[in-house]
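Data block below; observations after.
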Amino acid sequence: MQIATWNVNSLSVRLPQVLDWLRTNPVEALGLQELKLVDEKFPHAAFEELGYHAVSFGQKTYNGVAWISRAPLQDVVRNIPGHDDTQARVIAGTLPTAAGPLRLVNGYFVNGQAPGSDKFAYKMAWLEALQAWLREQLAQWRRLALVGDFNIAPEDRDSFDPVGLAGSIHHTDEERAHFRGLLGLGLHDAFRLFEQPDKTFSWWDYRMLGFQKNRGLRIDHILVSDALKDGVQACQVDRAPRKNPQPSDHAPVVATLAG
DNA sequence: ATGACGCTCTTAGAGCGA
């Protein structure tokens, strides 16, 4: 079975592309970020026509996350419990599978703008709260996947310009320490379980022909728990939708799991 | 480089993303 993550940068604008992608990539579950849509406007009918269920957690103008899944998710949680937040950034639920329940956590991690800014401080606090909550989630659900737009390039090889961008947003030691903290909980970057082509990225700036020049970052990730690790069969970035007219600036990331 | 490009809210220009 396959699970995927995709920052669509407005579901209203990208809906036809998401539906097209699901027709050719009929994954079991797809985590979406940056819906920029209130829940009342979530296009449930369009996904139901394709045989999918959806749970959304949106807000006006910014942020917003959703899970699209073949089977309805159970025990759905919106945002990090106990962490006061005005921004809709997390949705989690449990997918029943033949191998047992699969906990699916989808996050639109904070961007953080620049080190030293208020937004960066918010990012650090948010990452702290996420890690504490995930520790609990992992204790409760052995089979867990954390997917989303992490807004962290975990290592130098995940950036088109690690020297020029050293210390800037997505590249700071503080952000990378938080990413390693997640790995320390017993999570594994599915993409790095396999040999991958150099300079594989999941986001490219709209400006300056970023995609054409492959000036990108790998900031969209799928992390899997210890119990899932050995069953991961593949993990890839699907660059194809980034070539669409009027694309999202992010490409989907897909992981193939046993079962 | 206070840039670029795209989306939202609102209807000309600001805020934000990454």
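Note on naming: letters A, B, ... go to the chains in the order of the sequence lines (proteins, then strands), and numbering restarts at 1 for each one. As the structure is a prediction and not an experimental result, all values here were calculated from the model.
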(message) If I compare all heavy atoms of S12(A) with all of L37(A), which pair ends up nearest, and what's the gap?
(response) OG-CD1, 3.1 Å
Enumerate donor-acceptor pairs with a distance under 3.5 Å from any side-chain N or O in residues 250-259 of chain A to protein atoms, sequence neighbours excluded.
{"residue": "H250(A)", "atom": "ND1", "partner": "D220(A)", "partner atom": "OD1", "Å": "3.2"}
{"residue": "H250(A)", "atom": "ND1", "partner": "D220(A)", "partner atom": "OD2", "Å": "2.8"}
{"residue": "H250(A)", "atom": "NE2", "partner": "N7(A)", "partner atom": "ND2", "Å": "3.4"}
{"residue": "T256(A)", "atom": "OG1", "partner": "Q2(A)", "partner atom": "NE2", "Å": "3.0"}

(message) From CZ of F120(A) over to P of dG17(B), roughly how many Å is that when rounded to an integer?
(response) 14 Å
(request) Pick base, sugar-phosphate or nothing for D220(A), based on heavy-atom distances below 4.0 Å to the nucleic acid. (result) nothing
(request) May I have the distance from L217(A) (atom CG) to dG17(B) (atom P), rounded to whole angstrom? (result) 15 Å
(request) Can you label the angle between the H170(A) ring and the W203(A) ring as parallel, tilted or perpendicular, going by 30° and 60°? (result) tilted
(message) Output one letter per nucleotide in nucleotides 2-13 of chain B: B when a protein non-hydrogen atom lies under 4.0 Å from the base, S when only the sugar-phosphate is that close, - when neither is.
(response) --BBSSSS----
(message) So that I can tick it off, tell me whether D226(A) and K229(A) are bridged by a salt bridge, with the cut-off set at under 4.0 angstrom between side-chain N and carboxylate O.
(response) no
(message) Taking syn as a glycosidic torsion within 90° of 0 and anything else as anti, which one is dT10(B)?
(response) anti
(request) Could you work out the separation of dC9(B) and dA4(B) based on their C1' atoms and round it to a whole Å? (result) 22 Å
(message) Using the rule given for side-chain hydrogen bond (donor to acceptor under 3.5 Å, both in side chains), can you reason through T97(A) versus R143(A), listing the C-alpha separation, both sets of side-chain angles and the distance that settles it, and then say yes or no?
(response) CA-CA 11 Å; T97(A) 79; R143(A) 304 176 73 243; 3.3 Å; yes
(request) Taking all heavy atoms of N9(A) and all of K36(A), pick out the closest pair and write down the distance. (result) OD1-NZ, 2.9 Å
(message) Expressed as a whole number of angstroms, how long is the span from D249(A):CG to dC16(B):C1'?
(response) 12 Å
(message) With a 4.0 Å limit, can you tell me whether H170(A) has a side-chain N or O closer than that to the phosphate oxygens OP1/OP2 of dG17(B)?
(response) no
(message) Taking the C1' atom in each of dG13(B) and dT2(B), what is the distance between them to the nearest angstrom?
(response) 16 Å
(message) Give the residues of residues 107-119 of chain A touching DNA chain B, defined as any heavy atom closer than 4.0 Å, sorted by residue number.
(response) Y108(A), N111(A), K119(A)
(message) Using whole Å, what does the distance between atom C1' of nucleotide dC16(B) and atom CG of D149(A) come to?
(response) 14 Å
(request) Identify the heavy atoms of T94(A) and R103(A) that sit nearest to each other, and give their distance. (result) OG1-NH1, 2.8 Å
(message) Between dA1(B) and dC5(B), how many Å separate the two C1' atoms, rounded to a whole number?
(response) 16 Å
(message) Using a 4.0 Å heavy-atom cut-off, does H250(A) contact any base of the nucleic acid, only the sugar-phosphate backbone, or nothing at all?
(response) sugar-phosphate
(message) In whole Å, I'd like the distance from the CZ atom of R89(A) to the C1' atom of dA18(B).
(response) 12 Å
(message) Tell me the closest heavy-atom pair linking L138(A) and S225(A), and the distance in Å.
(response) CD2-CB, 3.7 Å
(request) Determine the interatomic distance between C1' on dC16(B) and the same-named atom on dT10(B); round to the nearest Å. (result) 16 Å
(message) What's the gap between dA12(B) and dG17(B) when it is taken at their P atoms, as a whole Å value?
(response) 25 Å
(message) Whether the Q17(A) and N244(A) side chains hold a donor-acceptor pair (N or O, under 3.5 Å, no angle test) is what I'd like checked.
(response) yes
(request) Return the value, rounded to whole Å, for the distance between atom CG of N63(A) and atom C1' of dG15(B). (result) 13 Å
(message) What is the separation between atom CG on N151(A) and atom P on dC16(B), rounded to the nearest whole Å?
(response) 15 Å
(message) Nearest 0.5 angstrom please: R242(A) CZ to S248(A) OG, how far?
(response) 7.5 Å
